[in-house]
Amino acid sequence: MSLLELHGGGPTSCGYHRIDLPFSQLKADLKVPVLVFNRYMQQGVGALIAKRLRGFKIVADLDDFWDLPPEHYLSPAWNASGTPAKIRACMGAADVVLVTNATLADHVRALNPNEVIVPNALPFDEGQFTRTITASDTFVYAGGSSHVPDVLPLAEAFNDPRVVFAGDDPKHREWIRMRQIAPRAQYTAAKPVTAYMSVYDGHLAALAPLVDNAFNRCKSNLKMLEAGAKGLPLIASNMSPYANDTAAGNVLLAGSTAEWQAHLRFLRERPARAAELGEALAAHVRERYQLRDANEIRRQVLESFA
């Protein structure tokens, strides 16, 4: 019987990138049973205590800040259900908390000093994480239903038929709002996480808009990794997680609608330069964000338990 027990995988992006994908490629020589969960245990913190009494070591994995901003459409239900308190309790009960970046680690440290940064990473050039083959003059934004607040301030730049929103659900109220914000843009349907990278194929560049708030500053740079996997340049908001030393010179940063429009125009008018920037980002992410390297950190954490 395996000594490793996983919770929190599944069809969501966080479940896929923090549990299913990395642990499908991780080999570790465990000395004691270890439970790994993403965000919080559905059965509550009592389940973690029961596992510890049975000899388990507990590893929490956190990829987002637990407090949603008030403009997030899930915020009322999230708070009413007590989810932030559940996450905090589970983080505090863990032996180690794995986080995606230093900003999130700063928040976790107040709950649990045993935090380890394991950045999001990809198995580049394997499976769906291969380079795109063809290119056009369109820009792809692979965002979910919660990103209406991130697009709203940039409506003038994103309301363009050359902008493609990938992940559309025409019956979802937030996607209905998105279409009202950018009615001239194109929309393509959501795909399962095991095949979603194909939405990047055939585009000139990728987009990663974020409004500056505490929640978004804790996000990972996954959109940069995805663009780089496909060999596409990325235009991103000029803030964490993209405005940092690891992204310097590899991402086109925009702090206003005018800057977004300028970058979009620059790449459209200079497709050869866009290709060069895409190749530079492809090399950058392959050097710094290989899944095998992130899994080496995970392996060391798991094998440290005795």
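The first residue in the sequence is number 1, and the count goes up from there.
Looking only at atom types and distance, the side chain of Y196 has no donor-acceptor partner in the side chain of Q128 under 3.5 Å away. No side-chain donor-acceptor contact under 3.5 Å links Y73 and S146. Between the side chains of N216 and D150, a donor-acceptor pair is found at a separation under 3.5 Å. A donor-acceptor pair shorter than 3.5 Å cannot be found between the side chains of H263 and Q261. Side-chain atoms of H172 and D169 form no donor-acceptor pair, as typed in the model, at a separation below 3.5 Å.
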Next item on the list: Evaluate the side chain to side chain contact (heavy atoms under 4.5 Å, CB included) criterion for residues R217 and F65: first the C-alpha distance (whole Å), next the side-chain angles of each, then the deciding distance (0.1 Å), finally the verdict.
Entry: CA-CA 9 Å; R217 286 192 293 273; F65 189 38; over 6 Å; no
Next item on the list: Could you walk me through whether F215 and D67 pass side chain to side chain contact (heavy atoms under 4.5 Å, CB included), step by step?
Entry: CA-CA 7 Å; F215 179 77; D67 286 333; over 6 Å; no
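Taking the side chain as every heavy atom from C-beta outward, K219 and L210 approach each other to under 4.5 Å. P84 has its side chain within reach of N79: a pair of non-hydrogen atoms, C-beta onward, lies under 4.5 Å apart. When side chains are defined from C-beta on, L122 does not count as touching V285, because their heavy atoms never get closer than 4.5 Å.
In this structure a side-chain-to-backbone donor-acceptor pair under 3.5 Å is present from R286 to A282. Counting only distance, with no hydrogens or angles, the side chain of N295 and the backbone of P22 share a donor-acceptor pair below 3.5 Å. Counting only distance, with no hydrogens or angles, the side chain of E115 and the backbone of V97 share no donor-acceptor pair below 3.5 Å. No side-chain donor-acceptor contact under 3.5 Å links N221 to the backbone of Y242. Listed for the T132 side chain is no donor-acceptor partner under 3.5 Å among the backbone atoms of K230.
N238 CG to S256 OG: the interatomic distance, rounded to the nearest 0.5 Å, is 9.5 Å.
Residue V163 is found in a hydrophobic cluster whose other members, listed by chain and number, are F139, Y141, V148, V151, L152, L154, F158, F165, W175, M178, I181, Y187, L204, L207, I235, L252, W260, L264, F266, L267, L277; membership requires side-chain heavy atoms under 4.5 Å apart, directly or through intermediates.
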